[in-house]
Amino acid sequence: MLKLLVKGAKPLRGEVMVSGAKNAALPILAATIMVPGRSVIRNIPNLLDVVTIIRVLRALGIKAEYSQSAPNTVNIWNYQVKHVAPYELVTKMRASFFVIGPILAVKGLAKIPLPGGCAIGSRPVDIHIKGLEALGARVELEHGFVIARASKLRGAKVYFDFPSVGATESVMMAAALAEGETSIGNAAREPEVVDLANFLIKAGAKIEGAGTEEIRVVGVEKLSPVEYSIIPDRIEAGTLMMAAAITKGDLKIRGVIAEHIEATIRKLQETGIQVGIDGETVNIKNDDGFKASDVKTLPYPGFPTDMQPQFTSLLSLANGTSVVSESVFENRFMHLPELRRMGADIKLEGQSAIVNGVAKLSGAPVRVTDLRAGAALLLAGLAAEGETLIEDRDHHLNRGYERLVEKFNALGADIKKA
Ligand code: EPZ
């Protein structure tokens, strides 16, 4: 159990560097299963979800470890791969399911626990499975495991009913070593998908169209070891921006690819908060009130669902009423009851939160249900008058962010482990 005591109403000021992207690190580390030999992956954030995927790789027979000499670098030695992923690790983190495509491509047989749902939704993997079956895999569900078999994967035309990020990544990885050409229609366009494609291309894969809704892959015989550095974390960058805004602060956020957080920047500007871009630095300053804004989460390049809870916290202090609609996950408003306890005036109507801005939030004991809800509550605590006790039973914040509390405290926040 992680408990944080936040003394609020302190503006965040100064400069902060964004870490590497969690949601690029996880699929790229999974993809090293397909790359024999020694690879080096840089700018990997040091957080619990990455530690979990490293433990999954080790359980599959791959040597993987954070470098002792270079922080945020992971060294991989891949000389043999088992086909069964460890139950207790995969069920601990949904993203471990990313290993199914690579193991199937390398071994012709993959036995992976069916990932459980989580607080934000049932999180099925039917689109992943449909894609792998299109490539010629036979997939069965037995005793809580997904068992996929394919003597040889063959390229195919695949179409996704929903542009699933994970399914796009699974199929793109499997197709990289399949025989012939694969096209993925209605593919996810997220920057993390592009980063995975760039990693695979550097290892010798033939992939075109990553970042568009149509990805084409021509399978190759084998891939070769690479040194690769992953993109910065656009959701951490957006979370830091919202933290500056909600505390009426003045922040320089460095190491950002502004294009990746275009929607977040535009929505903040729409509220009247000053956001400027200077190369890889985003400057954000909020020295007085700001307007309400309606938002609907959408697949990239739309407003990211992973920024919805944080934006809802900010809008709870806006002048006016905002409507926040969640179209990606079916249950991503678990932060609302907790925000209400802090004085927010929000009611849920279907998949839309009606947020009536209030003058201030007041500190209260709150509970973290999922990663981005935890970030939203931390932001609310930073802005609130008085003390907020945040109870994070499952260590969500440490799973998804690298040293977030330390970064906030270095900018003037007062957060202590309770
Ligand atoms: C990735 O999850 C991210 N995780 C999520 O970030 C992010 O919220 C999500 O993409 C959307 O951007 C990682 O990259 C590790 P999806 P993923 O498949 O791949 C449904 C965070 O906070 N769906 O695009 O699981 C699904 O239920 C996390 O960092 C199916 O129905 O997301 C959801 O409603 C949270 N069948 C929607 O699609 C499937 O086979 C989007 O899911 C797959 C997905």
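The figures here come from the full heavy-atom set of this structure, side chains too, leaving out hydrogens, waters and symmetry mates. First listed ligand is number 1; within each ligand, the first listed atom is number 1.
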Engineer: Checking Lys407 now: which residues fulfil salt bridge (Lys or Arg N to Asp or Glu O under 4.0 Å) with it, not counting sequence neighbours?
Structural biologist: Glu236
Engineer: Give me each pair satisfying ring-ring contact (aromatic ring centres under 6.0 Å, His included) with a member in residues 171-217, each pair once, sequence neighbours excluded.
Structural biologist: Phe199-Tyr228
Engineer: Which residue pairs pass the ring-ring contact (aromatic ring centres under 6.0 Å, His included) test when at least one of the two sits in residues 154-182, sequence neighbours left out?
Structural biologist: none
Engineer: Under a 3.5 Å threshold, I'd like every N/O contact between ligand 1 and protein atoms, with atom names and distance.
Structural biologist:
unit_1: ligand 1; atom_1: 6 (O); unit_2: Asn23; atom_2: ND2; d: 3.3
unit_1: ligand 1; atom_1: 6 (O); unit_2: Asp306; atom_2: OD2; d: 3.0
unit_1: ligand 1; atom_1: 8 (O); unit_2: Asp306; atom_2: OD1; d: 2.6
unit_1: ligand 1; atom_1: 8 (O); unit_2: Asp306; atom_2: OD2; d: 3.4
unit_1: ligand 1; atom_1: 18 (O); unit_2: Ser164; atom_2: OG; d: 2.7
unit_1: ligand 1; atom_1: 19 (O); unit_2: Gly166; atom_2: N; d: 2.8
unit_1: ligand 1; atom_1: 22 (O); unit_2: Arg332; atom_2: NH2; d: 3.4
unit_1: ligand 1; atom_1: 22 (O); unit_2: Arg372; atom_2: NE; d: 2.9
unit_1: ligand 1; atom_1: 24 (O); unit_2: Val165; atom_2: N; d: 2.9
unit_1: ligand 1; atom_1: 25 (O); unit_2: Arg94; atom_2: NE; d: 3.0
unit_1: ligand 1; atom_1: 25 (O); unit_2: Arg94; atom_2: NH2; d: 3.3
unit_1: ligand 1; atom_1: 25 (O); unit_2: Arg123; atom_2: NH2; d: 3.1
unit_1: ligand 1; atom_1: 29 (O); unit_2: Lys22; atom_2: NZ; d: 2.9
unit_1: ligand 1; atom_1: 29 (O); unit_2: Asn23; atom_2: ND2; d: 3.0
unit_1: ligand 1; atom_1: 29 (O); unit_2: Arg372; atom_2: NH2; d: 2.8
unit_1: ligand 1; atom_1: 34 (O); unit_2: Val328; atom_2: O; d: 2.6
unit_1: ligand 1; atom_1: 36 (N); unit_2: Pro124; atom_2: O; d: 3.4
unit_1: ligand 1; atom_1: 36 (N); unit_2: Asp126; atom_2: OD1; d: 2.7
unit_1: ligand 1; atom_1: 40 (O); unit_2: Pro124; atom_2: O; d: 3.3
unit_1: ligand 1; atom_1: 40 (O); unit_2: Asp126; atom_2: N; d: 3.1
unit_1: ligand 1; atom_1: 40 (O); unit_2: Asp126; atom_2: OD1; d: 3.4
unit_1: ligand 1; atom_1: 40 (O); unit_2: Ile127; atom_2: N; d: 2.7

Engineer: Within a 6.0 Å radius of atom NZ on Lys130, are there more than 12 heavy atoms belonging to other residues, nucleotides or ligands?
Structural biologist: yes
Engineer: Do Glu402 side-chain atoms and Asn46 backbone N/O form a donor-acceptor pair below 3.5 Å?
Structural biologist: yes
Engineer: Got a salt bridge between Glu326 and Arg332, using NZ or NE/NH1/NH2 to carboxylate O under 4.0 Å?
Structural biologist: no
